[in-house]
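Whatever order the structure lists ligands and atoms in, that order sets their numbers, starting from 1. Values below: every heavy atom of this structure, side chains too, minus hydrogens, waters and symmetry copies.
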Amino acid sequence: MESFPELKPSARILLGPGPSNVHPRVLKAMISPVVGHLDPDFSKLMDDIKRQLRIVFRTSNEITFPVSGTGSAAMEAAMANLIEDGDDAVIGVNGVFGGRLVEMAERLGAKVHKVEAEWGRVIELDRIEAALKAAMKPKVLAIVHAETSTGAYQPAIGEIARLAHDRGAMLILDAVTSLGCVPVEVDQWQVDICYSCTQKGIGAPPGLGPITFSERAMQAVRARKTRCRSWYLDVTNIEHYWGPERLYHHTAPISMNYALYEALRIVIEEGLEPRWARHLANARALQAGLVAMGLELTAQEGHRLPQLTAVRIPAGIDDAKVRNELLARFNMEIGAGLGPFKGKVWRIGLMGESSRRENVMLVLNALEEILGSMGIEIARGRALSAADLAYAQHAPNTDKPR
Ligand code: PLP
């Protein structure tokens, strides 16, 4: 009989686009005994998770729950529940994930109207307004809040929702890389469907896709002429399991829900505002350090994400070699570029548990050392001084207690 070695994954410092590091309390929650998906203990946990998610999404939406699947499953749930054959869908595209929304909308039979912006730039409001107008009777406007492939931070979501509603469309907001890192104000901005993931700002492993539907979105779902194309993601089925009836729909991933519960407990203990401030302070220091090293940030100035910084790879430097050295010598992962940014940018994430001052200093020091050894002229220590200065200038609480 073939035998297999014991599982021994390395404990990495995760500074890529997600997953981010997971708090030991969350890992501990995952080894709790598995109960049935209709057990009264699990039923109580489901109610608590829904309440926690409403706090984090800043919403009172009744239909708020974690989709059993990663962020892409939540994305597909948002799109599949609203879109019917022939519907007009306006979609912002300035990176990989806007492109994924387009692909889903096309597969669902929508007539897609893209509003494009150059990679790294955000989508301008007047272009969104013009596209909504050109679409005549748009059903959906979908946009990515934090474009993980470029580091661009889409502003004015409340304004965008107003533009959508003025034309009778629903706003779907992709908050996969924003929830738990920067403000996401579902009710205040009047977002109709907002979805996220567990493995970035929330600080759990990948596996669930938190989602929330406004009353207006649910009315549109209930007014569909045809059934949702996806059986698994049809919210009118799932609501009977996550709602008070607790009717079996699928076997919920029990241990992942334990993880989400504990991760959300940690988010709520820290407080959303202090958490956002921590992400911002650590990002300012990282970005100041990278610039001091002579590197160029790729996202549009004034619209850079705190939780994900895309940085141009200096000419003549081998992308994979640097990432491999970071992994081998510093036990640290950063992200490669996607699509047209492949081989051209690195993506450094400081999300959730990973957004810590010590990680900022470590990655700057490691990059100085590796790039210096590859012939890039870098004054050693300059990036760390710039980061220190940024901390001194804006400095709330940048490290979380362990
Ligand atoms: N949307 C955005 C903005 C993302 O960054 C990602 C993944 O990184 C997704 C959607 C898809 O999420 P997942 O990889 O969890 O399926």
Looking at His145, His279, His303, which hits ring pair (Phe, Tyr, Trp, His ring centres under 6.0 Å) with Tyr153? His145
Is it true that the side chains of His240 and Glu245 contain a donor and an acceptor less than 3.5 Å apart? yes
Please list, by chain and number, the protein residues whose heavy atoms come under 4.0 Å of ligand 1. Thr70, Gly71, Ser72, Met75, Phe97, Arg100, Val144, Ala146, Thr148, Asp174, Val176, Thr177, Gln199, Lys200
If we ignore angles and hydrogens, is there a donor and acceptor under 3.5 Å between the side chains of Ser355 and Asn282? yes
Inspect the contact between Arg51 and Asp47 and indicate whether a charged nitrogen and a carboxylate oxygen are less than 4.0 angstrom apart. no
Please list every donor-acceptor pair under 3.5 Å in which a side-chain atom of residues 6-20 meets a protein atom from a residue at least two apart or in another chain.
from: Arg12; atom 1: NH1; to: Asn331; atom 2: OD1; distance (Å): 3.0
from: Ser20; atom 1: OG; to: Gln199; atom 2: O; distance (Å): 3.3
from: Ser20; atom 1: OG; to: Lys200; atom 2: O; distance (Å): 2.8

Are Arg246 and Asp39 ion-paired here, with the side-chain N under 4.0 Å from a carboxylate O? no
